[in-house]
Amino acid sequence: MLALAIVSQFAVTARAATFKEVWSATLEGPYASLPEHPVTNASFFDAGVNVLKKSAERTLNNTSDVLPYFQKWVHPIGICFSGTWTITEKNPYTGYFAKGSQGLIIVRASEALGQPLKGDYRSFGFAGKLFPTLDPNAKTSYSTANFFTVDDLGGTLADSYLELPKLNEPATSFHVSSLFSFPMITTILKTFTAADKNPGIRPVHAIAELGMENPRSALAPHWMMIQPVSQSRFSETPEDFRNELRLHRFANQSLKFRILVAEQGASEWSTVGKIELNQEALSQGCDHRLHFAHPKSR
């Protein structure tokens, strides 16, 4: 039954949605207590069917922003936010990388290995869904630009989600814990490679194409980094990263990040803008309805 449900979700006809529709779905089912969802190799299979493969295909081919209830097999637990994306610095890129670009954004901060607590190896993700408007009540349905960034695919012992930057081509660390998770990591890499020719990098050309009349002329950076603003960090953090990121803990109830870009061969990163998050959703809608389409490698 589970495999059939995933197939039906993959077949959902994609359509553009308003920001309000997407954020409303994200807010659905607020949690009374934080759920756990351990990630194991066995969890990727149901009655012999590779459900992770179906999920990877859906992410690559279904551009819907919201789906009926579904399970995320990698990055199963998270907390969502809404706020703004602003490009403040001149740069050679197009679309919503161009200086002066501003839009609403919905973000999901997540953990890939099903390990929410400090002391475990955790792999943190930062996925964004960018809308070409600043009006949260706009009745226009927009096609969104989605992106994925991660700090380290193998996980680290960082105490804080805000300790390390998130990149669209993250490193993969290997450590003693990797021996136990090797079968799971092998299944993930094998499945993602079959779905996309280069799963190690998450392209950001969708951002460079957003709002352009002729997307073929878009120019995107090769690398993007999402870096927490240093003032957002605390000397002490809660055990669970989702509690760490609750907005009431931050000045002006706002969580801030820098947007940095770089090209292959470049020795330095350039800061081009910022993300400011001021609403949160710790909910079933965040974990089980919000969908981020993965741009295919080119």
Assess, by modelled atom type and distance only, whether the side chains of E89 and T271 contain a donor and an acceptor separated by less than 3.5 Å.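 E89 vs T271: no donor-acceptor pair found between side chains.
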How about E276 and S254: does a side-chain donor come under 3.5 Å of a side-chain acceptor?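 Yes, S254 and E276 have a side-chain donor paired with an acceptor closer than 3.5 Å.
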On the 0 to 90° scale, with breaks at 30° and 60°, tag the F147-W85 ring pair as parallel, tilted or perpendicular.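 Rings of F147 and W85: tilted, as their planes differ by 30° to 60°.
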Check: Q279 side chain, F81 main-chain N or O, donor-acceptor pair, under 3.5 Å: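 Not at all, since once roles are kept as given, no pair shorter than 3.5 Å links the two residues.
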Kindly indicate, with the supporting measurements, whether the criterion side-chain contact (heavy atoms from CB on, under 4.5 Å) is fulfilled by R246 and L282. CA-CA 9 Å; R246 298 297 300 271; L282 194 52; 3.7 Å; yes
Apply side-chain contact (heavy atoms from CB on, under 4.5 Å) to F70 and H291, showing your working. CA-CA 9 Å; F70 71 102; H291 177 250; 4.3 Å; yes
In terms of heavy-atom contacts, does [atom1] of [X] have more than 12 from other residues, nucleotides or ligands at under 6.0 Å?
{"X": "K274", "atom1": "NZ", "answer": "no"}
{"X": "N252", "atom1": "CG", "answer": "no"}
{"X": "E36", "atom1": "CD", "answer": "no"}

What's the verdict on side-chain contact (heavy atoms from CB on, under 4.5 Å) for W223 and Q264, showing C-alpha distance, side-chain angles and the deciding distance? CA-CA 8 Å; W223 286 308; Q264 285 181 304; 3.9 Å; yes
Do L134 and V107 belong to the same hydrophobic cluster, where Ile, Leu, Val, Met, Phe, Trp and Tyr are linked whenever their side-chain heavy atoms lie under 4.5 Å apart, directly or via other members?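 Result: no, two separate clusters.
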Please evaluate residues V272 and Y93 with respect to the criterion side-chain contact (heavy atoms from CB on, under 4.5 Å), reporting the C-alpha separation (whole Å), side-chain torsions for both, the decisive distance (0.1 Å), and the verdict. CA-CA 10 Å; V272 295; Y93 307 114; 5.6 Å; no
Of all pairs that satisfy disulfide bond (SG atoms under 2.5 Å apart), the ones with a partner from residues 84-141, not counting sequence neighbours: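 Every candidate disulfide bond (SG atoms under 2.5 Å apart) pair involving residues 84-141 fails, so no pair, neighbours aside, qualifies.
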Determine whether the aromatic ring centres of F124 and Y161 lie less than 6.0 Å apart.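 So the answer is yes for these two rings.
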